[in-house]
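To start, the structure under review is shown below, and the notes come after it.
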Amino acid sequence: MPSFKSEFVNAVHERGFVHQCTDVEALDERAANGVVTAYIGFDCTASSLHVGSLVVVMLLRLLQKTGHRPIVLIGGGTTKVGDPSGKDESRKLLTVEQIEQNKAGIRKVFEKYLTFGDGPTDAIMADNADWLDHLNYVSFLRDYGPHFTINRMLTFDSVKLRLEREQPLTFLEFNYMILQAYDFLELAKRYDCEMQMGGSDQWGNIVNGIELARRVDGRSLFGLTSPLMTTASGAKMGKTAAGAVWLDADLLSPYDFWQYWRNTEDADVGRFLRLFTDLPLDEIARLEALEGAELNDAKKLLATEVTRMCHGDAAANDAAETARRTFEEGASAEGLPTVSVTSDELSNGIPVFELFKRAGLAASNSEARRLIKGGGARINDAPVANEMHAVSSADLNADGVVKLSAGKKRHALVRPSA
């Protein structure tokens, strides 16, 4: 591992955040000699962010922890266009009202990870709608259009991959990279922002902004991308059979969030500890060297640390204790995810496969049936022998609930509604 002058450049390399960097030596020199302002953009396509975005959220956090100033750029303007990166088809266009609602949800995420304020390293939250919504189209084309060539734009992965797959790319989306480049220039002018960061799929867009600033203002800017996250087995991060792993407790319970990290593959424990926690590197080295049952302790620590940062101490401790009671004591554990059913449904009986789907323990009825046939489904810790079993009031345990289990690690409670 190379040694750098600046704490920031050392840290991003040691913790595994770097995929590409435009001029790492120059960036290192600059970061060693003063505060660097850098930004990452987040479009408002959903009411929150999920785990797939967490690596770049943590990158902004690391930037601030090493003495620099992060900008969270909310894409109130670019969301109206849609980023074609990594997509085979056009994004669904949202209404202005939907975008505003999503903005509010995304803002809440960053209050957990960054310190905002007026100090030299305090984070800033900006919205590109502030400048993009007021552009004069003809003037914008005249001033900035000459700095972009169609030849070059066609070489960017976000465009090239879509065309190679013979999927349509609208003129609206084709404009996205120009608007993102303009964002970088605008932030450089407004906040003296010197670096854009993002996932590796944003490399072409970032370089575009660096070149625009050089041509228009003679500015020297930097770009840094992080790897797109997959698990050791190749699965994309942020998704499970039950849906997205959201960073919002209203969309995913802290217990389910904790369980997601507890179920980390063995080969990912050290990498995830470096990327998603603030634990010291020497402690992480010790934890990832554990083997067998002891490695489970490292996974529990990972789950608790990530949940603490996202949902707070109380939620993290409650999730860890709920898991301990469930797995070590066999208790019903009131903190488990709960699905409500009516008294009439319980009187008539609910097919067990349907209940597993409703509880989020299977993505579909057919997946629930396969789980049961494979011996992985349990009711109140007893194996389910018949996929057509009807869950009824007779299955309520001493706590007045039905405990469903998918394998050894995923559980939910079925509770009669009043």
Side-chain angles (χ1 to χ4, degrees), residues 1-19 24 28 31 51-68 112-115 224 226-235 237-238 240 245 247 254-329 407-410:
M1 181 74 66
S3 180
F4 297 96
K5 298 178 183 178
S6 69
E7 184 183 359
F8 170 71
V9 177
N10 264 321
V12 291
H13 280 87
E14 289 171 344
R15 288 187 173 264
F17 281 98
V18 180
H19 179 71
V24 68
D28 183 42
V51 162
S53 297
L54 188 55
V55 68
V56 290
V57 174
M58 292 299 292
L59 182 53
L60 285 173
R61 178 181 174 85
L62 187 59
L63 179 84
Q64 186 170 52
K65 283 174 64 66
T66 53
H68 303 282
K112 307 167 186 175
Y113 292 92
L114 301 174
T115 300
L224 186 152
S226 59
L228 289 183
M229 293 303 297
T230 58
T231 65
S233 61
M237 285 197 67
T240 68
V245 183
L247 306 181
Y255 176 82
D256 281 341
F257 186 79
W258 189 94
Q259 276 295 331
Y260 173 80
W261 296 100
R262 167 62 182 83
N263 293 336
T264 292
E265 297 175 30
D266 291 359
D268 286 325
V269 172
R271 181 165 63 110
F272 287 2
L273 283 167
R274 280 186 286 274
L275 289 169
F276 301 117
T277 78
D278 292 337
L279 291 175
L281 292 172
D282 55 353
E283 172 65 2
I284 293 172
R286 183 189 71 79
L287 291 167
E288 70 177 327
L290 298 175
E291 296 179 351
E294 287 188 327
L295 188 59
N296 287 331
D297 293 334
K299 293 181 182 182
K300 292 173 188 176
L301 180 60
L302 167 68
T304 301
E305 288 298 311
V306 179
T307 305
R308 176 176 289 119
M309 202 175 296
C310 187
H311 296 299
D313 288 346
N317 294 336
D318 286 349
E321 176 59 15
T322 296
R324 187 192 68 78
R325 290 182 59 216
T326 303
F327 305 137
E328 296 176 16
E329 299 177 7
K408 295 180 179 179
K409 299 178 180 178
R410 300 177 57 228

Going from CG on L301 to CD on E283, what distance comes out if it is rounded to the nearest 0.5 angstrom?
7.0 Å
Please report the C-alpha distance between L273 and E288 in whole Å, then the side-chain angles of each, then the deciding distance to 0.1 Å, and finally whether the side chain to side chain contact (heavy atoms under 4.5 Å, CB included) criterion is met.
CA-CA 9 Å; L273 283 167; E288 70 177 327; 5.5 Å; no
If you measure from CG on L228 to NE2 on H19, what distance do you get to the nearest 0.5 Å?
7.5 Å
Any side-chain heavy-atom pair of M58 and L275 under 4.5 Å:
no
Got a donor-acceptor contact below 3.5 angstrom from the E265 side chain to the S233 backbone?
yes
Could you tell me if the side chain of N296 sits less than 4.5 Å from the side chain of K299, heavy atoms only?
yes
Among all residues two or more places apart in sequence or in another chain, which pass the side-chain contact (heavy atoms from CB on, under 4.5 Å) test with D318?
none
Before giving the answer on side chain to side chain contact (heavy atoms under 4.5 Å, CB included), spell out for M309 and K112 the whole-Å C-alpha distance, their side-chain angles and the decisive distance to 0.1 Å.
CA-CA 7 Å; M309 202 175 296; K112 307 167 186 175; over 6 Å; no
If you define the side chain from C-beta out and look only at heavy atoms, does anything of L287 sit under 4.5 Å from V269?
no
Please enumerate all residues that pass salt bridge (charged side-chain N to carboxylate O under 4.0 Å, His left out) together with R308, with sequence neighbours excluded.
E305, D313
Look up atom NZ in K300 and atom CH2 in W258, then write down how far apart they are to the nearest 0.5 Å.
6.5 Å
Within the distance-only criterion (no hydrogens, no angle test), does the side chain of R15 pair as donor or acceptor with the backbone N or O of T277 below 3.5 angstrom?
yes
Between atom CZ of R262 and atom OG1 of T264, what is the distance when rounded to the nearest 0.5 Å?
9.0 Å
Separation of L60 CG from Y113 OH (nearest 0.5 Å)
12.0 Å
Is any side-chain heavy atom of L224 closer than 4.5 Å to one of L59?
yes
Does R271 form a side chain to side chain contact (heavy atoms under 4.5 Å, CB included) with M229? I'd like the steps, not just the answer.
CA-CA 11 Å; R271 181 165 63 110; M229 293 303 297; 3.3 Å; yes
NE2/H68 to CD/E7 distance, rounded to the nearest 0.5 angstrom?
7.5 Å
